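The structure under discussion appears below in the form of structure tokens.
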Amino acid sequence: MFSRIPGQLRKSSREEVFMTREKYEPVRIQSRWQKKWEADGLYHAQEDDPHPKFYALTMLPYTSGDLHMGHWYAMAPSDARARYLRMKGYNVMFPPGFDAFGLPAENAAINHHIHPYKWTMDNVARMRGQLRTMGAMWDWPREAVTCDPAYYKWTQWFFLKFWEHGLAYRAMAPVDWCPHCKTVLAREQVLEGDRTCERCHTPVVKKDLEQWFFRITNYADELLDFSRIQWPDRVRTMQTNWIGRSEGVEFDLSIEGSPKKIRVFTTRPDTVFGMSFAVLAPEHPFVHEFTAPEHRAEVEDYEYKARRLAEIDRLSAEREREGVFIGAYALNPVNGERVPLYIADYVLMNYGTGAIMGVPAHDERDYDFARRQHLPIPTVIAPANWDGQPLPEAYTGQGTMVNSGKFSGLPSPQGWQAIADEMEHLGIGERKVNYRLHDWLISRQRYWGAPIPMVYCDHCGLVPVPEEQLPVLLPEDAEFLPTGDSPLKLHQGFLSTTCPRCGGPGRRETDTMDTFMCSSWYHMRYTSPGYDKGPIDPQRGRYWLPVDQYTGGIEHAVMHLLYTRFFTKACRDIGILDHDEPMLRLFNQGTILGEDGEKMSKSRGNVVNPDDLVNSLGADTTRAYLMFIGPWDAGGPWNTHGIEGVHRFLQRVWDVVTRPVRAIAGIPTDEQVASLRRITHKTIRRVTDDIEAFRFNTMIAALMEFNNYLIKAKETPVVLTDAWSEAVRALLLMLAPIAPHLGEELWERLGGPYSIHQQSWPEWDEAAAADELLTVVLQVNGRVRDRLSIPVGLGEEQVRELAMNSPKVQHFVADQSIVKIVYVPGKLLNVVAR
RNA sequence: GCCGAAGUGGCGGAACGGUAUACGCGGCGGUCUCAAAAACCGCUGGGGGUAGCCCUGUGUGGGUUCGAAUCCCACCUUCGGCACCA
């Protein structure tokens, strides 16, 4: 009985402490502010704002079903920076949207009998809800969903404009067909190496089909010019390699006993005297005509093998270079020499002319081939100090021309030009630039995409659908059968139409457009929501475009990011836009991995669900942890304990602001105040530099250090000063872009005006941030021996004197003589003794 | 094979050519508690010493420099991209 009393007392005093210390309840706080922000339209950017505009954009997500951690990793830091720029005084637009066309929706229709529209829009609804929980400054009224007829109407409109301006065309071409997806793919969508479909990893097969193309190659040279944009070197290199520009000469080889000539392309006209054979691609159209009867069987056998290989796999560049002689001879135009003609699969039909001159001494592939076929390997470019002996391997560098008729003795770069001139002069060839880049294949044999607005008429041929008849709608009652044929092909109502030109019977194009078409211009549409006279309202478009800061993954380097640049340049030439590049600055974030360091995937069971975290630790902690985990461009593994550390940090910020100040006796010293102001202003400087440079991890580390200081300072009399309020306000303002809900909540509790997200970013005062005492490191022969605390501005002489008086310095110098003293003002002094 | 990026504590990662390991996690010790959890405080690269301290240490080996994680050369490893483009 008696002993229970102290216990009860203790219990009640603990309750008292509990009452005075309010808990940080992130889930409650976030839903409160998300509702208020949305109701207030806090993030809806207007064009009549006096501040300079800033268009911040993060790559739009595909409507796969759920917002996963990868989306958060891409979007949360991007949002934080958009918020920061807003506080810096920009009129920031940060719009959301969905890439909503594509095969998964159609596969769901075939497998689960859900209409692609329903499947997609259900996903959009779910993802919208999840996006809202991030607490990002999404400008919802600008949202675009690419499968919405109000959107794809304009995708079709762009197609018509490209058609009108000769940038869209239909052609028969050998294309890559995915037997699983039952559609053709763009070259970019075929994984090189194993030649599989990038989506389902089924080996693709070659088919000759009539397809729709965009003339992106018209812009090849302009796409190589990155001078107007600040994009990462990595992306620029990848695009440059993909475009693959090479300068050379195209010339004719006469064929013995035939009036026909074959054209070859070379980047090394300076080596033309070294040709000892010529090669045609196995698919070259002249092969049959030139093949001698006694070689026919062998040639056909080889063609068959080559075709099979081309379809299945052509794994390696190291494969033996094989080929067969076709029994014909070509004549070298510069010296009349007769050289045997081969077919070999190392020559590709879809690059250059599909035929080459074989110069084994100066090309590694030709060298291998010549060795196998026992062909001569004449040297025509002499390396420095060449001994006149046959080369042990192909020499591909520059040198002095030899055995090259009147060109012998010339340095090879000069010979290159001289021979090119000569061929042009004699009319047998001319300079030519070749590209690896091909025209963009945009047609797909699927339902779930924007229909290509063209009509086939027996009388008029190909006729574009008139603008006023757009959109060509996808029929809602299409049947989704696992036949492999596009549902549009089987839908009479869609298929049959009247010819817009003659009014006679017409048949609609059933191909739909590549989804990269939709994503090539979505950033334009965000500027003009609801505009119905065109894809972009000229005034609003001019105000917002181009995008100032784009962020997204590197995986789109040669697809989306190249297409959208092409799109912008084409629109400029058509007169729709007046700028050259869609996005001025680009930042590529890395990939967030599972705790095991592997890519997050359901099959690995290492998926971290953001929804669970939002409902437990809160959106702010999740956002902050993703930014704290490491450099944003590096990505990295998730760590369950790591996020708890970030949560503790936010909890301690909460405590610093909300806990009642304890009764503290005494008045603060000048030094206490100065030191608080110093760390405040130093932190503002650090944090500002970091967020400018996308260094969110060190930015948060700086805020943690600052908060740790404030926790201790709160126990001292400085807590009663203006410097303290300045510090706490700065802390919240700097935290607001990272943890927008916590920032807003605490800002309100401090009595700050709504909203913290409309306040100015704090500025630092260099004078307040300046140190009064500096630590000078004393080294002897480059090794740290002592430290000196000196007042700012102490002259070198005095520092030297203090240093030489240091017992430790003296000990390590001992009886050696001092050779020199290096002094880095205010930082370090190194005594060199020997 | 070619091109590019990167290798730092037990872990994620910090460090304008100038105090290596900030910040966080984990671990150890402590306070509080009947106890535990939470929270808070302290310690925490390795080796040596009772201690003041000393030695050593940023993938490996060299070099430049008063001084190198940082710059240069070679090599090893990892990750990306490209891979017959004439």
Side-chain angles (χ1 to χ4, degrees), chain A residues 7 10 14 17 21 192-193 232-235 237-238 241-242 244-246 248 264-268 271 279 281 314-319 321 344-348 350-359 362-366 368-369 396 434-438 554-555 557-558 590-591 595 597 625 628-631 633-646 648-649 651-652 655 686 695 697-708 711 775-787 807-808 811-812 819-824 827-834:
Chain A
R10 209 180 288 121
R14 277 171 81 193
V17 170
R21 188 187 160 195
E192 307 242 358
D233 285 346
R234 207 151 61 114
V235 175
T237 306
M238 283 169 77
N241 291 341
W242 186 259
R245 183 182 201 275
S246 60
V264 297
F265 174 73
T266 180
T267 55
R268 293 296 301 274
T271 66
V279 189
R314 305 205 310 173
L315 266 177
S316 99
E318 279 104 72
R319 229 179 67 237
R321 289 179 183 97
D345 69 358
Y346 81 90
V347 175
L348 309 172
N350 65 0
Y351 183 79
T353 59
I356 61 154
M357 64 172 189
V359 182
H362 306 292
D363 181 282
E364 281 162 28
R365 296 152 301 180
D366 295 347
D368 282 0
F369 188 78
T396 59
N434 255 315
Y435 301 92
R436 216 185 78 120
L437 180 74
H438 286 104
I554 188 79
E555 66 274 17
V558 294
T591 310
E595 284 214 83
Y625 177 61
F628 183 68
I629 204 164
D633 54 353
W638 184 265
N639 182 302
T640 305
H641 296 297
I643 193 171
E644 285 160 14
V646 171
R648 279 198 277 269
F649 160 59
Q651 172 72 62
R652 284 194 292 261
D655 289 346
R686 269 176 81 182
R695 290 190 299 255
N697 57 330
T698 49
M699 171 193 181
I700 293 174
L703 290 174
M704 285 173 166
E705 283 181 60
F706 186 36
N707 193 55
N708 289 344
I711 289 169
T775 301
V776 174
V777 172
L778 302 183
Q779 297 184 333
V780 177
N781 291 333
R783 307 176 68 153
V784 180
R785 296 304 180 185
D786 201 359
R787 289 180 177 82
K808 288 188 193 145
H811 175 256
F812 283 96
V819 180
K820 74 187 218 186
I821 292 174
V822 180
Y823 180 55
V824 183
K827 278 201 151 172
L828 175 141
L829 185 141
N830 187 14
V831 180
V832 186
R834 211 153 271 136

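Everything numeric here is computed off the predicted structure, so don't read it as measured data. Convention: sequence-line order gives letters A, B, ...; per-chain numbering from 1.
For T698(A), whose side chain is taken as the heavy atoms from C-beta onward, the closest listed nucleotide among A14(B), C23(B), G18(B) is A14(B). Among A86(B), C66(B), A14(B), the nucleotide with an atom closest to any side-chain atom of N697(A) is A14(B). Between G12(B), A22(B), A14(B), one nucleotide has an atom nearer to the side chain of P637(A) than all others, and that is G12(B).
Atom CD1 in I643(A) sits roughly 17 Å away from atom C1' in C11(B) (whole-Å rounding).
Across the C1' atoms, G12(B) and G26(B) are found 11 Å apart, a figure rounded to whole Å. When the P atom is used for both C54(B) and U64(B), the distance is 28 Å, rounded to whole Å. With C1' as the reference atom, G18(B) and A69(B) are 13 Å apart, rounded to whole Å. Remark: the separation of the C1' atoms in G59(B) and G9(B) is 15 Å, to the nearest Å. Between the C1' atoms of G17(B) and A86(B), the separation comes to 46 Å (whole Å). Atom P of A36(B) sits at a distance of 11 Å from the matching atom of U31(B), rounded to the whole Å. Comparing U8(B) with G13(B), their P atoms sit 9 Å apart, to the nearest whole Å. For the C1' atoms, the distance linking G29(B) with C23(B) amounts to 23 Å, nearest Å.
Contact annotation: R436(A) side-chain N/O to A83(B) OP1/OP2 distance is under 4.0 Å. Side-chain N/O atoms of N708(A) include one lying less than 4.0 angstrom from OP1 or OP2 on G24(B). Taking side-chain N and O atoms only, R648(A) has a distance below 4.0 Å to OP1 or OP2 of G26(B). For A86(B), the OP1/OP2 oxygens have a side-chain nitrogen or oxygen of S246(A) closer than 4.0 Å. For R785(A) and U19(B), the shortest distance from a side-chain N or O to OP1 or OP2 is not below 4.0 Å. Residue R652(A) places at least one side-chain N or O closer than 4.0 Å to OP1 or OP2 of C40(B). For the pair N639(A) and C11(B), the criterion of a side-chain N or O lying under 4.0 Å from OP1 or OP2 is not met. In terms of phosphate contacts, K820(A) brings a side-chain nitrogen or oxygen within less than 4.0 Å of OP1 or OP2 of C66(B).
Checking T640(A) against E595(A) by side-chain atom types alone, a donor-acceptor pair falls below 3.5 Å.
Residues R652(A) and I711(A) share a closest heavy-atom pair of CD-CD1, 3.5 Å.
With the nearest nucleotide of RNA chain B identified for both Q779(A) and R695(A), R695(A) has the one nearer the 5' end. Take the nearest nucleotide of RNA chain B for F812(A) and for P631(A): the residue whose nucleotide is more 5' is P631(A).
Glycosidic torsion of G57(B) falls outside 90° of 0, placing the base in anti.
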